[in-house]
Amino acid sequence: MSRVPGWLGRIGAGLTEVSERLDERRAEVERESAGDDAPRPPRRAAAEAPPPPDHATEAPPAPVVRPDPVQAVPWSVRVAAEAGWRLLVLAGTVWVLMRIISAVQLVVFAFVVALLITALLQPTVARLKSHGVPRGPATALTAILGFVVMGLLGWFVTWQIMENIDNLSNQIQNGIDDLRNWLLKSPFHVTDKQINQIAKNLREAVGANTDQITSFGLEGVQVVVEALTGILLTFFSTLFLLYDGRRIWEWTLKLVPAAARPGVAGAGPRAWRTLTAYVRGTVLVALIDAIFIGLGIYFLNVPMAVPLAVFIFLFSFIPLVGAVASGALAVVVALVTQGVFTAVMTLLVVLAVQQIEGHILQPFILGRAVRVHPLAVVLSVAAGGMVAGIGGAVVAVPLVAVTNTVVGYLRAYSAGLLPADQQPPARLGAPPLGEFEDEAVQAEGGPGGVAPADGA
């Protein structure tokens, strides 16, 4: 028989003995370091070691202890993941809401416009009620009178344009001829051939897009139908908001969870106060702009001064962009009808009025109630215009102002930092669409700080 297995057994026994001695030595070192005086186990003699089997067998591998996966992930990664999935949920919610709003965009826009008009007309209802007029007739009279005034304003602008369109066309043609002669004599070295080529390119562009222009004209019928529908929705929404604002607000509060209802009930009146301050202040600022710019272009003999003033008034409801667009329109009309000097003077008038508006009128009239950073105004107007066109640009800034007020109030309410006079009302149904009272105006320091009360 071969002696190789016995030789391997002796080597294994020797290695086992060395391993046991190393373990004993390691235990002694640990006891010495820990100050342990426990008796040491007797050393096992090498002769007593059991003989190894003829064939060495491998011990089963020890189970690998894996750490908890949550503990293995770094803290910063866990925080980022927690914030990330919540942001995804919020983004998904906003996306769904935007899809729903885009599907019923006409209804949403009509209701928002009705809120703005309600903020403007509600003081009239309250004043009529204070003189003994019942709520129903006061509401109907105010709504009908307000929409009649706005309709007459639109009719007046259309009438003025139709009356002066022929004269304006002749003046524009003369202005184009004068501009052409000025370009030919200018130091820009523009030749008559280049001007004719530009005119030819314009005519060809119009001819090439005739189908698109025709289809746009056909789509105008649908636009008119949608506009009439929106006007009717706005009228009825305004009527019911003026008449039954309290019950609408109470019903809205019932949709809010009970735990959050007191905070929302306190934030509602402040949001309404901010909205009314914005609407009334914007109307006043737009009226001042229209009057002074209209007077300036009237004395400069710019045609259609009154319709241009009305356009300036309407465009002033679009912050920043509206003022630039309406001023540019007035300058262009002055340029093509009265020449370069009149256009420059018109530009100076527009810039002077807009500087007075930006640095004096808006801070004084609007005050701190609706103060929004200019960057927020620019971004909100751009986002509103991209989402919903001109209507979105109009409602973007009041929406941001109201959101800023609500978020600030809810943050202070949750932190317990509200003073006693700003706590949520004891009766949670107190409406934000409250009545306008003279003493409330005096208490808040003018129309920019109207405090809602009972009524409507």
Asker: About how many Å separate CD1 of Ile297 and OG1 of Thr342, when rounded to the nearest 0.5 Å?
Answerer: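 Interatomic distance, Thr342 OG1 to Ile297 CD1, rounded to 0.5 Å: 12.0 Å.
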
Asker: Pair Val395, Phe109 - check side chain to side chain contact (heavy atoms under 4.5 Å, CB included), show working.
Answerer: CA-CA 9 Å; Val395 303; Phe109 184 69; 4.3 Å; yes

Asker: What is the distance from atom CE of Met150 to atom CD1 of Ile231, rounded to the nearest 0.5 Å?
Answerer: 9.5 Å

Asker: Between Ala334 and Val302, which heavy-atom pair has the shortest distance, and what is it?
Answerer: CB-CG2, 3.8 Å

Asker: Atom CZ of residue position Phe147 - does it have more than 12 heavy atoms of other residues, nucleotides or ligands inside 6.0 Å?
Answerer: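 Counting other residues, nucleotides and ligands, CZ of Phe147 exceeds 12 neighbours.
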
Asker: Counting only heavy atoms not in Phe235, do more than 12 fall under 6.0 Å of its CZ?
Answerer: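 Yes, enclosed.
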
Asker: Going from CG on Leu128 to OG1 on Thr142, what distance comes out if it is rounded to the nearest 0.5 angstrom?
Answerer: 4.5 Å

Asker: In this structure, which one of Leu116, Val113, Thr118 forms a side chain to side chain contact (heavy atoms under 4.5 Å, CB included) with Thr238?
Answerer: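 That would be Thr118.
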
Asker: Are Tyr278 and Pro398 side-chain neighbours, meaning at least one heavy-atom pair lies under 4.5 Å?
Answerer: yes

Asker: Would you name the heavy atoms of Lys254 and Arg261 that are closest together and state the gap between them?
Answerer: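 Result for this residue pair: O-NH2, 3.8 Å.
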
Asker: Check whether any side-chain heavy atom of Pro134 lies under 4.5 Å from a side-chain heavy atom of Lys129, and answer yes or no.
Answerer: no

Asker: How would you list, by chain and number, every residue that makes a side-chain contact (heavy atoms from CB on, under 4.5 Å) with Thr403, sequence neighbours excluded?
Answerer: Leu399, Val407

Asker: Just so I know, are the side chains of Leu348 and Met345 near enough to count as touching, which here means a heavy-atom distance under 4.5 Å?
Answerer: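 Of all side-chain heavy-atom pairs linking Met345 with Leu348, at least one is under 4.5 Å.
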
Asker: Does any non-hydrogen side-chain atom of Trp75 lie less than 4.5 Å from one of Val79?
Answerer: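 Answer yes - side chains close enough.
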
Asker: Is there side-chain contact between Phe317 and Val283, with at least one heavy-atom pair below 4.5 Å?
Answerer: yes

Asker: To the closest 0.5 Å, what do you measure between CG (Asp244) and CD (Glu250)?
Answerer: 9.0 Å

Asker: Please check this pair: side chain of Thr282 against backbone of Val279, looking for a donor-acceptor N/O pair closer than 3.5 Å.
Answerer: no

Asker: Between Ala290 and Ala309, which heavy-atom pair has the shortest distance, and what is it?
Answerer: CB-O, 3.2 Å

Asker: Could you tell me the separation between the CD1 atom of Ile312 and the CD1 atom of Ile293, rounded to the nearest 0.5 Å?
Answerer: 4.0 Å

Asker: If I compare all heavy atoms of Thr276 with all of Ala119, which pair ends up nearest, and what's the gap?
Answerer: CG2-CB, 3.6 Å

Asker: Hey, does the side chain of Ser237 reach the backbone of Thr234 with a donor-acceptor pair shorter than 3.5 angstrom?
Answerer: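 Checked: no pair found.
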
Asker: side-chain contact (heavy atoms from CB on, under 4.5 Å) with Val89: which residues, sequence neighbours excluded?
Answerer: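 With sequence neighbours excluded, Val89 shows a side-chain contact (heavy atoms from CB on, under 4.5 Å) to Trp85, Thr93, given in chain and number order.
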
Asker: Pick out which of Thr405, Asn404, Val400, Val406 makes a side chain to side chain contact (heavy atoms under 4.5 Å, CB included) with Val402.
Answerer: Val406

Asker: Does some side-chain heavy atom of Leu232 sit less than 4.5 Å from a side-chain heavy atom of Leu228?
Answerer: no

Asker: Looking at residues at least two apart in the chain, or sitting in another chain, which of them share a side-chain contact (heavy atoms from CB on, under 4.5 Å) with Leu351?
Answerer: Leu347

Asker: Would you name the heavy atoms of Leu115 and Trp272 that are closest together and state the gap between them?
Answerer: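 Nearest pair, atom of Leu115 first, then Trp272: O-CH2, 4.0 Å.
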
Asker: Looking at CG of Leu120 and CG of Leu275, how far apart are the two atoms once the value is rounded to the nearest 0.5 Å?
Answerer: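 Reported value, rounded in 0.5 Å steps: 10.5 Å.
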
Asker: Report yes if the side chains of Phe313 and Asp289 come closer than 4.5 Å at any heavy-atom pair, otherwise no.
Answerer: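 Result no, sub-4.5 Å side-chain heavy-atom pair not found.
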
Asker: Any carboxylate oxygen within less than 4.0 angstrom of a Lys/Arg side-chain nitrogen, looking at Arg86 and Glu82?
Answerer: yes

Asker: With under 30° as parallel and over 60° as perpendicular, where do the rings of Tyr413 and Tyr409 fit, or are they tilted in between?
Answerer: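 Ring orientation of Tyr413 relative to Tyr409: parallel.
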
Asker: For residues Gly266 and Pro269, report the shortest heavy-atom separation together with the two atoms involved.
Answerer: O-CD, 3.5 Å

